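To start, the structure under review is shown below, and the notes come after it.
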Amino acid sequence: MANLDWTKLGFGYRKTNTILSCSYKDGQWGPVESHTDDNLTINAFAGALHYSIECFEGLKAFRGADGKVRLFRPEENAKRLQRSANYIGIAAPSVDRFIEMCVRAVKENIDFLPPYGTNASMYLRPTLIGVNPQLGVKSSTECLFLMLCAPVGAYTGSTLQPSYVVISRDYDRAAPNGTGSFKLGSNYAASLYSYNLAHKLGYEAVLYLDPLHHQYIDEFNSSNFFAIRGNSYITPKSDTILPSITNKSLETVAKELGMTVERRPVPVEELSTFEEVGECGTAVVITPVYQIDDRPALESSEVKPYYFGSKDQCGPKSLKLYQMIRGIQDGEIEDPFGWCLLVD
Ligand SMILES: *Cc1c(COP(=O)(O)O)cnc(C)c1O
């Protein structure tokens, strides 16, 4: 086992044993190759470098209480990658190839898989890039699919640490009828200016609104939005948000726990009625949010704050949802939905 302090892992790059690659050329996918060097050689005219012909995924493998290794819903990520690739007009690996590479990456890097009980896991980063040399704007005809991994702990600080966020009214991450629902690196590039500005102002995340009217809540820069009021789990319905697999799983778990699930447009003003608010995504499942500031512009001195629960504790309903998902991932509670793929 790698000599790491598993309890102190953040979310960052770490050299592991191998990365995997698979090339698409002349209309077909080649063999899967394993590399000990993380540096790639690609043509400087590759479309990925000029026109952001790139999409990616993120999923996790966990060492369970029973010693078994589980991948959480990899088929969902495989299908979402296909949807992203289709939008930018490039080939995507089959669901089987995608899953085969997830499994192989875990096996080749098994000494970097954090042990059970550390709340750390192995993050997999499937990445698909257009690599044939080009100058004109065209979808790539040759692609490189990579399966990268890294052991990770809590994304920022400790687990379930409530965060402080700001609404962005002067910058959007996605355009109306644009790319917001696809997992493209270019969406992140588009969010960096406002994200950096918010960081300088002391915020941990940015909450974007529907880009057409700036009336309804969309999502955070890298995670979906959910709220709890009474016995309801409420999450926005919008064409410009990324369909989070964590959010979809939380909806299922909420129903299982007898809660009502509402997926509908969520007006900003409704924030004043929520008891709990959270960010959700693969990295940490849930990050509770204790304060959301609404400003006419990020740098405006005018602030309308909304508060949710405690500054140092996760709300009770969010905690229940979190524990059920983490319990399934860690093999502590049975997997009633067949979400986990065992890696043997
Ligand atoms: C990946 C991502 C999420 C979270 O999706 P999960 O499938 O739950 O990891 C949320 N928002 C954006 C913008 C994303 O890129």
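One-based numbering, in listed order, for ligands and for the atoms of each. Predicted model only: the values in this text are computed from it and were never measured.
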Considering only heavy atoms of [X], which atoms of ligand 1 have at least one such atom less than 4.0 Å away?
{"X": "R173", "value": "13 (C)"}
{"X": "N221", "value": "13 (C)"}
{"X": "N224", "value": "10 (C), 11 (N)"}
{"X": "S223", "value": "10 (C), 11 (N)"}

>> Tell me if the CG atom of N177 is crowded by more than 12 foreign heavy atoms within 6.0 Å.
In response: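 Check fails, neighbour count at 12 or below.
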>> Please find the pair of heavy atoms, one from A61 and one from V69, that lie closest to each other, and give the distance.
In response: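 For A61 and V69, the tightest heavy-atom pair comes out as CB-CG1, 4.4 Å.
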>> So which atom in C102 and which in M147 form the shortest heavy-atom distance, rounded to 0.1 Å?
In response: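 Heavy atoms only, the tightest pair is SG-CE, 3.6 Å.
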>> Using side-chain hydrogen bond (donor to acceptor under 3.5 Å, both in side chains), reason through D66 and Y116 one step at a time and then give a plain yes or no.
In response: CA-CA 9 Å; D66 52 5; Y116 169 73; over 6 Å; no
> At what distance is the nearest protein heavy atom to atom 3 (C) of ligand 1, and which residue and atom is it?
Replying inline: S222 O, 3.6 Å
> Closest non-hydrogen protein atom to atom 1 (C) of ligand 1, residue and atom name please, with distance?
Replying inline: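 That would be K183 NZ, 1.4 Å.
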>> Please report whether ligand 1 has a polar contact with I245, defined as an N or O pair separated by less than 3.5 Å (distance criterion only).
In response: yes
>> Geometry only, no angles: is E219 polar-contacting ligand 1 at N/O separations under 3.5 Å?
In response: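 Looking only at distances, the answer is yes, because the N/O contact criterion of under 3.5 Å is met.
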> So F72 and W339, would you call those rings parallel, tilted or perpendicular, with 30° and 60° as cut-offs?
Replying inline: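 Ring orientation, 0 to 90° scale: perpendicular.
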>> For F11 and Y123, take the angle between the two ring planes, folded into 0 to 90°, and tell me which bin it lands in: parallel under 30, tilted 30 to 60, perpendicular over 60.
In response: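 Taking Y123 first and then F11, their aromatic rings stand perpendicular (interplane angle over 60°).
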